[in-house]
Number of protein chains: 4
Amino acid sequence: MNTTAADRGREARRRLLEAAAELIAERGWAAVSTRMLAERAGVAPGVVHYHFSSVQALLTEAALAVMHDLIEQAGAGMERAHTPGEALGLMIDFLTAYDGRDPVSLLFAETYLAAGRDEDLRRSLGEVVTDFRRALAGRLAEHQVPSPDATAAVLAAAIDGIMLHRALGPGPDATDLTAVLRRLVAPTEPGPPAKEQGDTP
Amino acid sequence: MNTTAADRGREARRRLLEAAAELIAERGWAAVSTRMLAERAGVAPGVVHYHFSSVQALLTEAALAVMHDLIEQAGAGMERAHTPGEALGLMIDFLTAYDGRDPVSLLFAETYLAAGRDEDLRRSLGEVVTDFRRALAGRLAEHQVPSPDATAAVLAAAIDGIMLHRALGPGPDATDLTAVLRRLVAPTEPGPPAKEQGDTP
Amino acid sequence: MNTTAADRGREARRRLLEAAAELIAERGWAAVSTRMLAERAGVAPGVVHYHFSSVQALLTEAALAVMHDLIEQAGAGMERAHTPGEALGLMIDFLTAYDGRDPVSLLFAETYLAAGRDEDLRRSLGEVVTDFRRALAGRLAEHQVPSPDATAAVLAAAIDGIMLHRALGPGPDATDLTAVLRRLVAPTEPGPPAKEQGDTP
Amino acid sequence: MNTTAADRGREARRRLLEAAAELIAERGWAAVSTRMLAERAGVAPGVVHYHFSSVQALLTEAALAVMHDLIEQAGAGMERAHTPGEALGLMIDFLTAYDGRDPVSLLFAETYLAAGRDEDLRRSLGEVVTDFRRALAGRLAEHQVPSPDATAAVLAAAIDGIMLHRALGPGPDATDLTAVLRRLVAPTEPGPPAKEQGDTP
DNA sequence: CATGAATGAGATTTCATTCAT
DNA sequence: GATGAATGAAATCTCATTCAT
C-alpha cells in the first residue's frame, strides 16, 4: 500500500494550502513569500509554482477554503437554533472562541483587505458574506425580528468589528456585549413604536 | 520673504505624510515602498529616510494622524448632539461619507491589521479607539442608555464592521442600518424586562 | 557526463569563497560588497545570498577555510621537524613567503580585527589559533624548551606581529629575525637562571 | 570672557578628532560614517566636511595623533629605564594596560590595516613605528644586547602580535610572557655561540 | 512529479558629500 | 563659522518566477 507519486502531489498541495492559511494570519497577506510557504509546508520552493499558478492564487484558494468552512459551520449551528436569542448565543460563542488575534480572525481581516485589491477574491468573498447574511436574515425573519435583512447585516458587521477592536486591547467582556446585541433581535418593539423603516429625525 | 531650508524640510515632511496616508489606502500597508512614497511626494528617495527613521515609522505617524483627526472631528460632532439618536445620526453620516472603499475607511482597516504586527502602533491605535468609545459612552450615559460602555463598544464595532463589509459589495442602505442601530440606543427597555447586566442564555 | 545543476551550484559556491578570500585581503573586511563578490566570482548578484545567509557569513566561512588550511600545513611541517630550531626554521620560511602585504597575511590581519566585532568569528578563530599554539607548544616541550606554552604563545604572536609591521615597510631581514627568535627556543637557560614560573606542561 | 566663534570652531574640530579615535576602535575604520562622527562629537553633519576635506582625512589625522602620543609616552618611559629588563618591564606594563580589545589596541590594529590601503597613512605610520623601534634598539644597544635592531623589531612585533592574539581569548598570563620575552634581551649568549650575522647598526 | 539553482528586479536603508542659507 | 536639507549612488538582502535536470 505504498504512496503513489500522485498521492505525494496531493499531499504537498494540501500542506501548501495549510501553510498559506497560517502564514496569512501570522505575517499578513502581502508578506507571505514563496520561500516561506515552501519551508512551512516542507516542500522545495519550486513546488509552489508547480501546483499553483502564482502565490496570489495559492493565498486566495487557501483563504476562501477556510472562510467557506467556517461559514458552513456557523450556518449549521443556526439551523439548530430555535430562537433568535439562541442563534445570537451561537454567534457570541464565536466571539469567545475568536478573540481578534487568533489565526482565524486575522485570516478573515486580511482577506477582507486583500479583497479590496483583487477582483476575483472580492467576488468570491462577497458571495461568502452574502450567503451568511442571507442565512442569518432568514433565521431572524422566521422569528419575527423586524427588518431582518438590515438586522442581519448589522449583526454580522458588529461581530467582525468587535473582532477587529478586540485585537487592539481589552474591551467590555462577552457577557455585556451579548446583552447589548440582544437588543437588536428583540422580537417586538413596544412602547413608543419606533416603526422600522427609513427615517432620520 | 523667500522659503528657508527649514521651510522646505517641513514641506517635504508634510508631503510624505500625505503620500503615506494615500498609499496605505491604495496599496495596502505592507505594499507601500520607499520609492512609491518618494515619487508620490515629489521628493528624492533618500529624503524619506532623512525625515523618518524607517518606512514603518512614517506609515505609523501618517496613519495615526489621520485617525486622530477623524476621531476628534467625530467627538466634536457628538458634543453638539442633544439626544443619542442625534449622535447616532452623526455616526450614520460617517457611514454615508465613508463607504468602505474610500481612502479613509481603507486606512482605518489597514491600520487595524498592521497594529496586530507592531507593538507601538497597537498601543497608539488602542488609545485612539478607547478615547472614542469613552466619549461615545459618556454621551450615551447622559441620556440614560443602559450599559453605556458595552453599548458604545458595540456601536463603534458595528460602524467599523459595516465599513469592512461594504467594501465587499452593496448591502442594506444607510437608512435601514440606522433604524436597526437605533435599537441599540433606545433609552428604555419596556415590556419583558431584559434586565441589562451580565447574562448568557 | 554533463554537469548537473548541483555541480554548477557547488562550483558557484566555491568560486564565491575564493573571491571572498581575495577581496578581504584586497579591500578590507568591511569594504567587501555583494556586487564585488558576485562580479569577481562571475555569478549574478542574487547568487551570493542564495548560497550564503549573509555577506558576513560568506566572509567568515572563507576566512576560516584559508586559515584552517594554513595552520594545517604549518602543523604538518612541524611534524617533520627534528629540533626546535628546525621547526623555527619552517616558521621563518613562512615569514619569507608571507611578507605582510600578500593576500594571506592581509587575510589574517583582517580576520583578527573582524573577530573583534563578530562573536562567532571570534570563537572560531580563537580555536584555530589555540590549536596552532598547542601544536607548537607540544613540539617545544618534546625538545625541552622551558615554558613551552608561553614560549609558543610569544612565538606565534611574534610571527603575526612581524607580518603586520612588515606591511608598513622594510625592517630587518628574515635571517636576522631568525637569529633573534632562536633565543626563545634555546634548549637550556645558562647563567643567572631566570626561573620560569607557572607554566602548564 | 565669552567664547569666540573661532573658539567654538577649534572645539568642534577637537571633538571630531576625539570621536574619530573612539569610533575607529568601536566600529572599525571602514565603518565610521559622517553621521556617526557628527553625532558622537555633538555637531551638525555638515561640520565634518567643513573642518576636514574628507572622512578619510579626519580618521587619518585622529589615528596618527593617538599613536604619536602613545609612542612618545613609551619612549619617555624607556628613557628612564636603566636595564633592558627594566625597559622590557615597561613594555609588559603596556601589555597589561592594553589587552587587545581596548580602544587603543584596536585603534592601532585598525590603523595598521588601513595603512595597507592608503599611501599617506602608510608612510606616516611607518615613521611612527620606525621611530619606536629605533628608540628601543638604542636602549638595547646601550646594554649590550646583541643584534639590537633585529631584537627591537622582534620585541615590537611580539608586543603587537600578543595584543592581537589576546583579543581572541585568554592565553598565558603576562608574568609568563614576560619571562619568555626576557630571553630575547639576555645580555650575553653563552654556550654554542649563535653568532649573529648581519645586523644593520 | 519534483527539484533547487539561478535570475534580475526591487525592497529598505545608509552613505559621503554639496550647497543655499 | 555652522547648519541641515537634499542628493543619487550604493549597500544588503528578499522576491516571484523560470527552467534544466
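Just so it is clear, the model here is predicted, and its values are computed rather than measured.
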| task | May I ask you to verify if any side-chain N or O of H49(B) is less than 4.0 angstrom from the OP1 or OP2 atom of dT13(E)? | result | yes

| query | How many Å lie between CG on L16(D) and P on dT3(F), as a whole number? | reply | 10 Å

| request: Could you check which nucleotide pairs with dT13(E) in any of the strands shown, counting Watson-Crick or G-U wobble with both distances under 3.5 Å? | output: dA10(F)

| query | Quick one: E11(C) CD to dA20(F) P, roughly how many Å, whole number? | reply | 20 Å

| said: For P45(A) and Y50(D), find the nucleotide of DNA chain F closest to each by heavy atoms; which residue's nucleotide sits nearer the 5' end? | reply: Y50(D)

| field | ring-ring contact (aromatic ring centres under 6.0 Å, His included): pairs with one or both residues in residues 104-123 of chain B, sequence neighbours excluded | value | H165(A)-Y112(B)

| task | Figure out the CZ/P separation between R27(B) and dG10(E), and round it to whole Å. | result | 13 Å

| field | Polar side-chain atom of R40(D) near backbone of R15(D) as donor-acceptor pair, under 3.5 Å | value | no

| said: What's the closest nucleotide to the side chain of A44(D) if the choices are dT3(F), dT13(E), dC13(F)? | reply: dT3(F)

| remark: Atom CG of L59(C) and atom P of dA11(F) are separated, to the nearest Å, by 13 Å

| Taking for each residue the nucleotide of DNA chain E bearing the nearest heavy atom, is the 5' side occupied by M36(B) or by R13(C)? | R13(C)

| query | If you pin V47(B) and V32(C) to their nearest nucleotides in DNA chain F, which one's is more 5'? | reply | V47(B)

| request: Specify the residue among T34(D) and A12(A) whose closest nucleotide of DNA chain E lies further upstream toward the 5′ end. | output: A12(A)

| task | Round to a whole Å and report the spacing from NE2 of H51(A) to C1' of dA16(F). | result | 17 Å

| note | When rounded to whole Å, the CD to P distance for the pair Q56(D) and dC15(E) reads 14 Å

| note | One should read off an interatomic distance between L113(B) CG and L121(B) CG, to the nearest 0.5 angstrom, of 10.5 Å

| Between atom CG in L37(D) and atom P in dT17(E), what is the gap in whole Å? | 11 Å

| Short question: side chain of R117(C), backbone of E26(D) - any donor-acceptor pair under 3.5 Å? | yes

| field | Any R35(A) side-chain N or O less than 4.0 Å from OP1/OP2 of dC15(F) | value | no

| Out of dG8(F), dC13(F), dC15(F), which has the shortest distance to the side chain of S54(C)? | dC13(F)

| said: Can you give me the closest heavy-atom contact between A38(A) and P45(A), atom names plus distance? | reply: CB-CA, 3.7 Å

| request: Could you check how far CD of E39(B) sits from C1' of dT12(E), rounded to whole Å? | output: 17 Å

| query | So what's dA2(E) paired with, Watson-Crick or G-U wobble, going by both distances under 3.5 Å? | reply | dT21(F)

